Amino acid sequence: MPDMALVSTTSRRLVTIRMTWVMASLLFAFGSWLIGQGAWIHLKAVSAQWLLQQAWHTSLNTHVPVKPWPWADTWPVGRLVVPRLDIDQIILTGTSGQALAFGPGKVQNGQDSAHDSQNIILSGHRDTHFSFMQDIRHGDRLIVQNHQGKWLSFTVRGMEVIDSRTQTLPMNQDQADLRLITCYPFDALSTGGPLRYVVQAERTQDLN
Amino acid sequence: MTPPQASVFTEQQDGETFLFLQLMPPTATAAEQRIIPREVIFVIDTSGSMGGSSLKQAKAALALALTRLTPNDTFNLIQFNSVTHRLYPTPRLASGSRLHEAQRYVKGLKAAGGTEMQTALTHALSQGANQEASHRLRQIIFITDGLVGNEEALFAILQRDLQDRRLFTVGIGSAPNGHFMRKAAQFGKGTFTYIGTTTEVQNKMNRLFLKLEHPALTDITIQSGSSTVRNLLPNPLPDLYDGEPLTVAFRTTTLPDSITITGKQAGTHWETTQSLVDAKPRTGIAVHWARQKITQLMDQRTRQKDKTLLQQSIVELALKHHLVSRYTSLVAVDVTPVRSDAQTLHSHALKTNLPHGMQSEAIVGWAQTATPATLYLVLGSIMLCLTWLWSRRHLAG
């Protein structure tokens, strides 16, 4: 029965090739989808800032909060500029996931922001908007435009890594300083870690 | 309509008589129940800890409660977080347009900031104070998760300013402060309703509405002979509500032949006389009384500077009736220890897990500041490389 054996080997080989194709296509599709997801996060982060700039300018002119798109649950409340690193970003209210996907978020510390002598805390994603934080040095100038359009100038005085399990956010200090917060370490792959990188900047003379 | 039903049980112990009185609410059909106009103050907690599903439940409960108001009722809405905000300066008649306005206000509520309950409570307790001594049922419905630190101060305000109002607490979320809610409702002579999930809102609130709209018996007192019995537990005595029997315990040295229970039913006087001659003896009443007494003493304890005297009486009571209290415990001694005394224990910090539905950034402030973008890109690239290598090996030859 040599003929029979030959046929069965050929068909088995055909099946193997087909299986390989199916597996390879599945792997390819899933890999592409993952890359798409990753790219989408970056695309959202960059493109949203364009829409946010429009909303921010309108809200500065009209003195009322303006939503960047009708279904947004956050709105621009300021602008952050780091001259040395060429950073210019629109700040959103709140630090929910929905806000941070589009821009750095201002922590709502319960006080109304009518007076500009309170401390400002901004959170941002370490791999999109706030990835510049790893390049910040002592003495760098950070500038924030508040909701009244006033420009506040800050100078970086220190950076530290904080464990969010044991330390709380310094919310209600009456010192007028600025804190930038992002996840740490910058190149970690996993999310949800307990460490935070905090840059502390002190209020210096204002512009205008 | 059947009148409220009372039944009495007694227990003799060491020359003292303990009485246990149970009052069953009357059963009445909806047609028989008289609707009394009400003044309802809704207070809603919009602090950061209410964020997420808690606020959704609270809003649903509030929206539902607004639909139950009749045009003769007056109402007001107060929200509080770090600051307190009122919808109207004083309670207004619940006309269609006002209710519409209130529903819109409820829809727009957002959770942020701290829990400054004291101002809100003071506001609620001063609402309508200078109105004519009204015939209205004055009710405060307090919707919160009760995550406050100054409970004692709040209880003190409640006891001082309650007058003829009733406070109903509605606990929201997976972990409300049950102690605060129950005590506040007790001092406020109302009830505590707990809503755990959004699906429960309708059911639980409907039960609360029945109580709010038809209190069965209010201002209850118990008379023995010509004098009022003073040392009743719980103290103050709550109202009797539909579907909730009221139990009262008290201790006496000389057992009277009968007691008279009086109260107000839909604004009219009601009383019944209960003979104690044939009261059935039961065991466990003394213990029940002691437990209630300890609770009462513990409530007093927070208001008293010198606590040693109270502690003494609590310990005495607890030991006599074999009860666990703040100062007494039942101790079990383990005779089979597993770990030797010499062995040291490891210790390390654990992440604080928040109750279900609570958002950590609203409480602690540390936002989630990393995206899985890099992870996706790296994994995706690895998979594409694998696909390329694999297909080359298998399909080339």
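Each chain gets a letter, A, B and so on, in the order its sequence line appears, and its residues count up from 1. Being a predicted model, the structure only gives us computed values, none of them experimental.
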_Check this for me: Lys56(B), atom NZ, are more than 12 non-hydrogen atoms of other residues, nucleotides or ligands nearer than 6.0 Å?_
no
*Heavy atoms, side chains only, cut-off 4.5 Å: are Met383(B) and Phe28(A) in contact?*
no
*With a cut-off of 6.0 Å (strictly less than), are more than 12 heavy atoms of other residues, nucleotides or ligands near NE2 of His100(B)?*
no
*Are side-chain heavy atoms of Ile41(A) and Tyr376(B) found at a separation under 4.5 Å?*
yes
*chain B heavy atoms under 4.5 Å from Arg126(A): which part of the residue, side chain, backbone, both or neither?*
both
*asked:* With a 4.5 angstrom heavy-atom cut-off, is it the side chain or the backbone of Ile162(A) that approaches chain B, or both, or neither?
replied: side chain
*asked:* Take a 6.0 Å sphere around CG of Asp86(A) and say whether it holds more than 12 heavy atoms from other residues, nucleotides or ligands.
replied: no
*asked:* Taking CH2 in Trp388(B) as the centre, count heavy atoms belonging to other residues, nucleotides or ligands within less than 6.0 Å. Is the count above 12?
replied: no
_Shorter than 4.5 Å, heavy atoms on both sides: which option in Leu379(B), Leu384(B), Val378(B) has the most such pairs with chain A?_
Leu384(B)
*For atom CD of Glu160(A), is the number of surrounding heavy atoms from other residues, nucleotides or ligands below 6.0 Å larger than 12?*
yes
_For chain A, which candidate among Ala370(B), Ala373(B), Gly380(B) shows the most heavy-atom pairs at distances under 4.5 Å?_
Ala370(B)
_Between Ser25(A) and Thr387(B), is there a side-chain heavy-atom distance shorter than 4.5 Å?_
no
*Side chain from CB out, backbone as N, CA, C, O: work out which of these in Leu100(A) comes under 4.5 Å of a heavy atom of chain B, or both, or neither.*
side chain
*asked:* Does any part of the side chain of Leu377(B), heavy atoms only, come nearer than 4.5 Å to the side chain of Leu34(A), both counted from C-beta?
replied: no
*Between the side chain of Thr369(B) and the main-chain N/O of His125(A), is any donor-acceptor distance below 3.5 Å?*
no
*Indicate yes or no: at least one non-hydrogen side-chain atom of Thr191(A) is less than 4.5 angstrom from one of Thr371(B).*
no
*Exceeds 12 heavy-atom contacts within 6.0 angstrom, atom NZ of Lys67(A)*: yes
